[in-house]
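Take a look at the structure set out below.
Values below: all heavy atoms of this structure, side chains included; hydrogens, waters and symmetry mates excluded. Chain letters run A, B, ... following the sequence lines, proteins first, then strands; residues in each count from 1.
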Number of protein chains: 2
Amino acid sequence: MVRPRRAAPTALPGTRSRILSAACDEFGARGFAATTVDRIAGRARVNKAMIYYHFSSKAALYTAIVREMYGQIAEQLQAIATQPLSAEAKIDALIETLVNAVDGSRHFLPIFLREIADGAVHLGPAELALIAGIFSTVRGVIVEGVRQRRFQQVNPALAHFTLIGPLVMFRASAPVRERIRTTQRLDIGEVDSRTLIAHLQMVARRMLAPEEGPAKD
Amino acid sequence: MVRPRRAAPTALPGTRSRILSAACDEFGARGFAATTVDRIAGRARVNKAMIYYHFSSKAALYTAIVREMYGQIAEQLQAIATQPLSAEAKIDALIETLVNAVDGSRHFLPIFLREIADGAVHLGPAELALIAGIFSTVRGVIVEGVRQRRFQQVNPALAHFTLIGPLVMFRASAPVRERIRTTQRLDIGEVDSRTLIAHLQMVARRMLAPEEGPAKD
DNA sequence: GTCTATAAATAGATAGAC
DNA sequence: GTCTATCTATTTATAGAC
């Protein structure tokens, strides 16, 4: 699926990937508008003109990053949804994969949150399709479980965001919590990936459990 | 608490509030960095120089908006937490108040989400204290319920974000869902305030219910 | 592929008249 | 309080040498 980049024979090693990595850092830390091409170039240790040699514009560089980031996670989730597992097991696996993806990339959530806040104005149909795919996969498993009467008659849209909302907001707000902890003397608390996964799976189990009779565990 | 503005005797009516309203629209729609003082001036139908007469800088205008927005909700939540109610009733009331606040302001969530994503770099101690107050109030009710054994032994930080995360992400993502619905033919679904409140209260009740014996309702 | 130099547009902010 | 005009710095993007 990933089209191999034809690197010119005389290319310096990794220039393009250094640009991508630096841009990811900058966009993740500051957002699209506040990020300057100058800073990306400086961080990547290349001249600014190099960025325009490899990418047609600041926006094209940004969408390239979004496509790579969200393409990976969309694929992983899709793989889970198509496995022959119970709806409960798929939910657990989706949660584990989402937490690992979020905890594996410092920039995944900041970029995601800003696109949500911006109404995805920086994204084209291709990137929007990836986000739609993520949404569709999670939602599909919930609908499947409800149809099979394994889950209670919950609104799929609300159940969907009850799965991802706590993860997204808790992990994304860590820097703000850290500022609050130091300047306001209020420690809200941190948890490791394993604890977070267990909590989200507990919430999902309780939320989705049918009205009568407890969930099977 | 709100210091009354001394309007100069000859002031045109509402200039300052038109600026605040226009700035709220612009910051909410585009974020701090992408918003220009020119656009705010145009929307408020005042000259750009007027903005600098009323506010010392773009940043000061922004923080004034944040203080007003988050000050109001912080007060409302605090009022609930100090009432003589059971922890369960306080949770229900907090949820209802939060949903109504979110649904009552088009710009509340976009601004909040971007500050989360940015690590609150645009906020000073005063604005940070307001956000800390919101966090502290919600968290305090959870800790209270756990201490009274009315809630199960849940991690307060995780329970906290399980309450607000679904609300924030579901409502904030409505514009993106709308784009997905029209361009990707995927309808994830919308709900009214009442349905959203009921769902969040259901999730809270199930999440917090003690291990043995159902919640009292 | 990589660089220097610069174009062209736009940003935040201010001076000063009224 | 409100406006016109402008300053200064910064930004995206490109031309052209090597």
Hey, what are the protein-to-nucleotides 3-5 of chain C N/O distances that come in under 3.5 Å?
| residue | atom | partner | partner atom | Å |
| --- | --- | --- | --- | --- |
| C:dC3 | OP2 | A:N47 | N | 3.1 |
| C:dT4 | OP2 | A:N47 | ND2 | 3.0 |

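Regarding A:K58, its NZ atom lies at a distance of 8 Å from the C1' atom of D:dT11, rounded to whole Å. The distance from atom CZ of B:F27 to atom C1' of C:dG12 is 12 Å, rounded to the nearest whole Å. Between the NE2 atom of A:H54 and the P atom of D:dA13 there is a distance of 16 Å, given to the nearest Å.
OP1 or OP2 of C:dG1 lies within a sub-4.0 Å distance of a side-chain N or O belonging to A:Y53. Residue A:T15 places at least one side-chain N or O closer than 4.0 Å to OP1 or OP2 of C:dT2. An OP1 or OP2 oxygen of D:dT14 is reached within less than 4.0 angstrom by no side-chain nitrogen or oxygen of A:Y52.
Remark: aromatic rings of A:H107 and A:F27 are distant, center separation not under 6.0 Å. For A:Y70 and A:F108, the distance between ring centers is under 6.0 angstrom.
No side-chain N or O of B:T97 forms a donor-acceptor pair with one of B:Q76 less than 3.5 Å apart.
If you check residues 33-44 of chain A against DNA chain D, the residues with a heavy atom closer than 4.0 Å are A:T35, A:T36, A:V37, A:D38, listed by number.
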- Show your working on side-chain hydrogen bond (donor to acceptor under 3.5 Å, both in side chains) between A:R177 and A:S173 and close with a plain yes or no. CA-CA 6 Å; A:R177 287 202 305 278; A:S173 62; 2.6 Å; yes
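Remark: A:V121 engages A:D118 in a side-chain contact (heavy atoms from CB on, under 4.5 Å) (not counting sequence neighbours).
In terms of modelled atom types and a separation under 3.5 Å, the side chain of B:Q72 and the main chain of B:M69 share no donor-acceptor contact.
Shown here for B:A87 and B:V141, the closest heavy-atom pair between the two residues is O-CG1, 3.8 Å.
For the side chain to side chain contact (heavy atoms under 4.5 Å, CB included) with A:I80, the lone residue among A:D92, A:L98, A:L94 that qualifies is A:L94.
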